[in-house]
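The structure appears right after this line, and notes come after that.
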Protein chains: 4
Amino acid sequence: ESVISELGELFSEGDLVVDGGNSNYKETVRRGQMLAEKGIEFVDVGTSGGIWGLKEGYSMMVGGSETAVASLTPALKTLAPGDDIGWGHVGPNGSGHFVKMVHNGIEYGLMEAYAEGFEILKAKEEFGLDLHQISEIWRFGSVVRSWLLDLTANALADDADLSEIKGFVPDSGEGRWTVFEAIDLDIPAPIITHALFARFVSRQ
Amino acid sequence: ESVISELGELFSEGDLVVDGGNSNYKETVRRGQMLAEKGIEFVDVGTSGGIWGLKEGYSMMVGGSETAVASLTPALKTLAPGDDIGWGHVGPNGSGHFVKMVHNGIEYGLMEAYAEGFEILKAKEEFGLDLHQISEIWRFGSVVRSWLLDLTANALADDADLSEIKGFVPDSGEGRWTVFEAIDLDIPAPIITHALFARFVSRQ
Amino acid sequence: ESVISELGELFSEGDLVVDGGNSNYKETVRRGQMLAEKGIEFVDVGTSGGIWGLKEGYSMMVGGSETAVASLTPALKTLAPGDDIGWGHVGPNGSGHFVKMVHNGIEYGLMEAYAEGFEILKAKEEFGLDLHQISEIWRFGSVVRSWLLDLTANALADDADLSEIKGFVPDSGEGRWTVFEAIDLDIPAPIITHALFARFVSRQ
Amino acid sequence: ESVISELGELFSEGDLVVDGGNSNYKETVRRGQMLAEKGIEFVDVGTSGGIWGLKEGYSMMVGGSETAVASLTPALKTLAPGDDIGWGHVGPNGSGHFVKMVHNGIEYGLMEAYAEGFEILKAKEEFGLDLHQISEIWRFGSVVRSWLLDLTANALADDADLSEIKGFVPDSGEGRWTVFEAIDLDIPAPIITHALFARFVSRQ
């Protein structure tokens, strides 16, 4: 916060500031207004892809004015998986970080759905199931195939236990922000909430 | 049940019976024993892939004896996405249907995680978000990309509302079987349970 | 089961059998039919009150035919807190145990609601709250006052920690039966389900 | 807020301000500091009992300094169910409203536990259960007896349906504050959270 506030001093009218981190969208809205008052353009880019993004391109949700996003478009096309895929201008300042926040909430839920399933398979001792084998079977042709399942299969290959698997999803605070937002909007969100609670339990 | 019981009369020693449906694994275990007493081989094949399996191959979780599965292997390779991918012999009779049951429980959880996320995005009216656009952004490069997200994006393109999206996942009874099994095994499974409850609520 | 089945041999037409335990209501329905075929009357009495019932009287939910319950009425009045309070004929055989089962499910939920509240109070270290003092304050005049709160206050007086408090509610299997029943009836029951899951977690 | 801020102008050193409402405890902490700077004493009194408190006395959780609470003690004894029961000095400014907030969170959970139980009883049509009769049976001798059950029984006597019963517990915002606080403290609180979500669902 103070960084941008101070940087605000360094920038001058017509400059463009980009926040590609996991900022809270409410702060992003506020920063956008603060910078706009100084005539400085601001774009928030919610970025998904982790360390794999370097190779495969990043999925980017972009918030800001038409003109600001237009001037950033060449850079976005370079970072995205393709010129016209994996990125988009979703709305005004703050909306990029908002959509990324919800994306992370979903990620928590997906990961916990797999974790529960593997827990049940593991607990069914009489069948002597091989969790890694099953994760590999599901990776091809099944309706539960996904990028997170690919990661899970890799981890299970190294004989990782299930608690490590949950650890894929970083606890960057966006999970709890998503729950706060859902409650503020009167939307029941039990899956995402329990994925968050499962983190608390695993830490206790 | 009575079908197989009657069919049991038709089969004779050395025959091989295959159940590729969504049977309850407990019945499958029982049937396997019943048929084994008559010298009839039995293989249960949990099959995922839906109508898309015809084109892309099916993901198959196979339960049965080594010899029975061996004699079925040519057929399995033909139906699978590849000779050695997307299928596997996971354990004795019943284990194929058990793993498929848990697979469906996970599917419920995944679908509901997306549904909650899109509900939150939709409720945030001040940003005027386009749910279809966001689903497309996430399909490429993001960590929440998956086969179910592809289906969701297709549905949102046709202007489907969110309740239709949840409808992808058929309520074949396997969701509630998964919850029963989790409770029998003393495994807390809040995500899958709430995905099931969300069905109840949407029907009320 | 076998006990009653064998006892069935001992009883003869016109006798009255009473089951005051925590039997599964489905078995009770079956037993009632089995005994009825032999002309033996059967009454199921769901009984609440624990060790305190001896002094205060038991709360009793009674299932059976009009005539059978009528002949048991003198005994029920003696055991109840009063002649016409704390007991009732709720329906046919099985309904007494069914209502008692749901009663226990509610008990799980109530206990866990208190447990969560006290956990939050305890975690708020900056206020240095005295859990026993607060439980005593709430016992008089507050809208959360209850018999279970009285028990909780007693336990906290002995410096019990919160895990002991949850232990009040015996895990007699009726909690999970209630969840199974809710799912069979398509009723979402998140509170009772999570109270059950909390047991699983505390045991892990 | 502005009221107290303005009132601050009216008060002078040595005065005592009391907030007996359902303020957010964070604001209470802030107000206490603001008033302390002006030499004005401040006491926050979390008050439970509703309209019945007039007759039965209120349950009061009191936050503030020793001296401030001491000077308020005569009034507290008058309002409480008894001189030394149903009220207590729980900690510094803010703690009275904090404990009351958690009290309301518990209230949500208790009410929803009963609501779920009665929903299951109602759905079991084959037994033709009388919900009012059962609520009365449970009021005497059972371990689920409570003040909220007394209210529920009264409502069921008037043939109220279950949605009305949930309406006992006012949605004063303290339910969601409790969930926010639990998440901030890393405490999983599924019962209270689902009691809150059940409100959202019933409003949709």
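Proteins get letters first, then strands, A, B, ... in listed order; numbering begins at 1 in each.
Using a 4.5 Å cut-off between heavy atoms, B:Arg139 does not touch chain A at all. Within the 4.5 angstrom heavy-atom criterion, only side-chain atoms of B:Pro81, from C-beta onward, approach chain A. Using a 4.5 Å cut-off between heavy atoms, A:Thr47 makes no contact with chain B at all. Of the two parts of B:Val179, neither the backbone nor the side chain holds a non-hydrogen atom closer than 4.5 Å to a non-hydrogen atom of chain A. At a 4.5 Å heavy-atom cutoff, the contact between B:Ile192 and chain A is made by backbone and side-chain atoms alike. For B:Asn93, the part lying under 4.5 angstrom from a heavy atom of chain A is the backbone only.
Between A:Ser146 and B:Leu148 the shortest side-chain heavy-atom distance does not fall below 4.5 Å.
Chain A forms the most heavy-atom pairs under 4.5 Å with one residue out of B:Ser142, B:Gly91, B:Ala195, B:Gly57, and that residue is B:Ser142. Ranked by heavy-atom pairs under 4.5 Å with chain A, the list B:Ala182, B:Ala123, B:Gly128, B:Gly109 is led by B:Ala123.
Note: B:Ile137 CD1 to A:Met60 CE = 9.5 Å, rounded to the nearest 0.5 Å. Note that CD of A:Gln133 is 8.5 Å distant from NE2 of B:His89, once rounded to the nearest 0.5 Å.
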Worksheet entry | Chi angles and distances behind the side chain to side chain contact (heavy atoms under 4.5 Å, CB included) call for B:Tyr114, A:Ile191 | CA-CA 10 Å; B:Tyr114 287 116; A:Ile191 271 69; over 6 Å; no
Worksheet entry | Residues B:Leu149, A:Trp147; criterion side chain to side chain contact (heavy atoms under 4.5 Å, CB included); working and verdict | CA-CA 11 Å; B:Leu149 181 62; A:Trp147 171 244; over 6 Å; no
Item to complete: Let me see the working for A:Val102 and B:Phe118 under side chain to side chain contact (heavy atoms under 4.5 Å, CB included), right down to the final yes or no.
Response: CA-CA 8 Å; A:Val102 174; B:Phe118 282 108; over 6 Å; no
Worksheet entry | Residue pair B:Ile106, A:Glu116: steps toward the side chain to side chain contact (heavy atoms under 4.5 Å, CB included) verdict | CA-CA 8 Å; B:Ile106 292 172; A:Glu116 283 186 6; over 6 Å; no
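Note on ring orientation: taking the six-membered ring where Trp is involved, the planes of B:Trp138 and A:His103 are perpendicular (angle over 60°, cut-offs 30° and 60°).
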